[in-house]
Protein chains: 2
Amino acid sequence: MARAGVTVERLAEAAAELADEVGLENVTVSELARRFGVRDASLYSHIRNAHELRVRVAVLALAELADRVAAALAGRAGKDALVAFANAYRDYAKEHPGRYTATQVELDPETAEASAARRHSDMTRAILRGYSLAEPDQTDAVRLLGSTFHGFVSLEQAGGFRHHPRGADESWSRVLDTVDVALRNWPAHASDADAGRAP
Amino acid sequence: MARAGVTVERLAEAAAELADEVGLENVTVSELARRFGVRDASLYSHIRNAHELRVRVAVLALAELADRVAAALAGRAGKDALVAFANAYRDYAKEHPGRYTATQVELDPETAEASAARRHSDMTRAILRGYSLAEPDQTDAVRLLGSTFHGFVSLEQAGGFRHHPRGADESWSRVLDTVDVALRNWPAHASDADAGRAP
DNA sequence: CCCTGCTTCCTAGGACTCCTAGCAATATAC
DNA sequence: GTATATTGCTAGGAGTCCTAGGAAGCAGGG
């Protein structure tokens, strides 16, 4: 009988596929074994436990997403870069909901270090070069971008915007406009936050 | 033998408690039965399935959170209200991580209608009265607030800000400043987004 | 007081998932 | 072609979800 030829890479890829189909929480060792035509016990030669499966999806997704963002960012700057960056995230989440969810699983320090997580924050910082923010404002801005984009995508995915006539796309582009303005009018201190306000 | 006295209310409360302790995904019918000193099969007289358990936690959390937000908002306006609103969310998420997670589970239309979801969007809109935004800008702004606050809280909860010297609290208050400025400089159209920009 | 009926809780058991232990088969390296 | 490491197997235990059907506690009216 020929072997199924299971490897961690093929396993992670299949798990990612499955996550997109049925959601990350329904990625199961048994189902994966079924898809490879193998008994579930056999998979434990390749992975330690079910959790590792999800971690591997996370690492894979983080890398894929970083590649996409990098491609989207190439040759762009300023608001153009901001929009491309944001759309890369949102489009990826739409195409690969399970993988995107995996993006949020907590990784232990070593795994995180070996992952594309650093590339993500580096690229976010690269965008902010167009807005000339010094530390620690830059870090705060990185967090603002991450929060806003992730929050929007996450709420949209959870169906939060479905029961209202206003389309999510319109809101999205308006949010991007607003973030762009906010980054340019970055408040120096809380007390003079309205310094740049129009009369 | 005396009865355990299980009711859906006590069940939902216990499930919420458990969710805060071990995470929503680990809220299990068996564990709950164990805590009530009852066989797991007995709980199915009160709930239909495990999913309903999570839905009930969601509804409970939504209501609790709405109460808190309402209390925080009382007597405040403008940026004051914005900050109180945002802190109510973040504090609740810190105190009740499992319940907060439940807040994001998708509810079927009837359940959603009967839940406090409407109160949430109403209160968000109430805050925006301080910034005089007409529709559809108001809806977009509601979504911006929801996205930014939920995104921040969600990333913070997932440990995204832990591996960096800059404290999450500082970034949070800076994010609030920025959102306040953004709401006041709301871009009329994408093309003249920088109308209110300082020289 | 006891009977009737409703609710709560039980036992029994099936299906599925996760995971371990130990063994067999197969590919690879020499 | 044989040795070795890898890959997959059977067997089985523990935990969870859920159904079916029956018993025990609790209410009300006679």
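A note on names: the letters A, B, ... follow the listed sequences, proteins ahead of strands, and every chain is numbered from 1. Values below: every heavy atom of this structure, side chains too, minus hydrogens, waters and symmetry copies.
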From C-beta outward on [X], which listed nucleotide comes closest to its side chain: [options]?
X	options	value
A:Val38	C:dT17, D:dC17, D:dG8	D:dG8
A:Ala41	D:dA20, C:dT8, C:dA21	C:dA21
B:Ala50	D:dC9, D:dC18, C:dC18	D:dC18
A:Val6	D:dG8, C:dC10, C:dC18	D:dG8
B:Asn49	D:dT10, C:dC18, D:dC18	D:dC18

Contact class for B:Ser45 vs. all strands (heavy atom < 4.0 Å): base, sugar-phosphate, or nothing?
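Base, at least one base heavy atom under 4.0 Å.
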
Looking at every strand, decide which applies to B:Asp40 at a 4.0 Å heavy-atom threshold: base, sugar-phosphate, or nothing.
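Base contact.
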
Closest nucleotide of DNA chain C for A:Arg34 versus for A:Arg48: which of these residues is on the 5' side?
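Looking at the nearest nucleotide for each, A:Arg34 comes out on the 5' side.
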
Take a 6.0 Å sphere around CD of B:Glu95 and say whether it holds more than 12 heavy atoms from other residues, nucleotides or ligands.
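Yes, the 6.0 Å shell around CD holds more than 12 heavy atoms from other groups.
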
Is any NZ, NE, NH1 or NH2 atom of the basic residue among B:Glu52 and B:Arg56 found under 4.0 Å from an Asp or Glu carboxylate oxygen of the other?
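Here B:Glu52 pairs with B:Arg56 in a salt bridge, since their nearest N and O are under 4.0 Å apart.
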
So, A:Arg125 and A:Glu135, do they make that salt bridge, N to O below 4.0 Å?
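Counted as a salt bridge, because a side-chain N and a carboxylate O are separated by less than 4.0 Å.
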
When the distance from OH of A:Tyr44 to C1' of C:dC19 is rounded to whole Å, what number comes out?
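It works out to 5 Å between those atoms.
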
